[in-house]
Amino acid sequence: MTEQYQLVETRLQEKLDNGTTRCHLCLWRCKIGHGQRGFCQAHVNRNGTLYNLSYGILSSIDIDFIEEKPVKHYRPGTKVMSVGSFGCSFRCGGCHNLDISWGVEALDDLAKGQSTEVWVSPQKLVDAAIRAGVQGIAFTYSEPAVWLEYVLDVCELAHRAGLYTVYVSNSYVTDEALELLVGQVDVLCSDIKSLSDDFYKDICRPARVEQVLASIKKAHELGIHVETRTNIIPGKNDDPDEHYRIACWIRDNLGADSPWHITRFFPAYKL
Ligand code: SF4
C-alpha cells in the first residue's frame, strides 16, 4: 500500500500489442492506448501500463445507517461511513451525483498532476471510521469497480479492525472483479434498474440486462450477501408487469427471502 498519492497499477489489466492495455474491472473492458483513459476516466495508460488515477482520492464522505444504502438484512441498526471517489461506468440520465460520477475536472487534474484533492490512505480512512464510531465502511456514490484497487486495500484493513464492508453497485462488473471481492466485501447492494435493454442502452451503450443480472447472481453464488434495488422513474421503468418480472427473477435466483428495495425517484440532471 502506498503512503502518499501516486498512480497505482490497475488490478485487472491485460497488456496487448503496441503498448495498449485492456482493463477488466468492469464490463466495458476498455482497450486503452498510451496517454488515453478508459470510459470511466479513472484509469490511464502510461507507456503500456494501466494505472488508477483515483486511488485514495475521496469525492464524498458521510455517515449513514446501513438501511440507507439500502440494506435491510445485514447488521440492522448499525452505521457505516460512506465514501466515494470520481468516475463511473454509467452515465445515468437521473444521476444525483453528477460531479462525482463524471468527475471530469477532478480526474483531468489528477491526470495532469495538478490536483489539489486531499489524499486519504486506506489506514487513515479506517482510523477515521473507528473514531466516528461506525461499524462498517460503504463504497458508494458511483460504481466502486472504477477504483477497486483502493476499495480492496481498505476492505482488508477494515476487516482487521472489525468493521464490515458494503459495495453499492450497478453490477456492470466482470466476474474477475467479483472474484476479488470474495472475503473482502461482506454486502453487495445492486441496482436492477430495469429489465429493458433499451433502458440500459440509454445510460451505458453496451450494457445488456442479462449481463447485469448475471453479475448479481455471480456475487450471490460467491457467498456475498446481496440485496437489490429498483429506483422507479415515472415513464421509464414504472410498469407493474416489469416489477413483477424483477420480483420473480430475484425469487428464482437470489432466494424468496432476498430483500428488494423499491425507491422513489427524485428529479435530477436530465430527468
Ligand atoms: S473500470 Fe471499466 S470503464 Fe474504467 S477503464 Fe476499466 S473497463 Fe473501462
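All residue numbers refer to positions in the sequence shown, counting from 1. In listed order, ligands and their atoms are each counted from 1. Quantities reported herein were computed from a predicted structural model and do not represent experimental measurements.
- For Arg91 and Trp102, the positive end sits near the middle of the six-membered ring, less than 6.0 Å away and at most 45° from its axis.
- Salt-bridge formation is not detected for the pair Glu227/Lys69: no Lys NZ or Arg NE/NH1/NH2 atom is positioned less than 4.0 Å from an Asp or Glu carboxylate oxygen.
- Only protein N, O or S atoms were scored, and 1 of them lie under 2.8 Å from atom 6 (Fe) of ligand 1.
- Heavy atoms only, all atoms of each residue included: Gly48 and Asn45 are closest at N-OD1, 2.9 Å.
- Counting only residues at least two apart or on different chains, the side chain to side chain donor-acceptor pair (under 3.5 Å) pairs with a member in residues 103-117 are Arg37-Asp108.
- Listed by chain and residue number, Tyr55, Trp147 satisfy the ring pair (Phe, Tyr, Trp, His ring centres under 6.0 Å) test with Tyr150 (two or more places apart in sequence, or in another chain).
- The hydrophobic cluster containing Val166, built from Ile/Leu/Val/Met/Phe/Trp/Tyr side-chain heavy atoms closer than 4.5 Å, also comprises Ile66, Val71, Tyr74, Val80, Tyr164, Val168, Val187.
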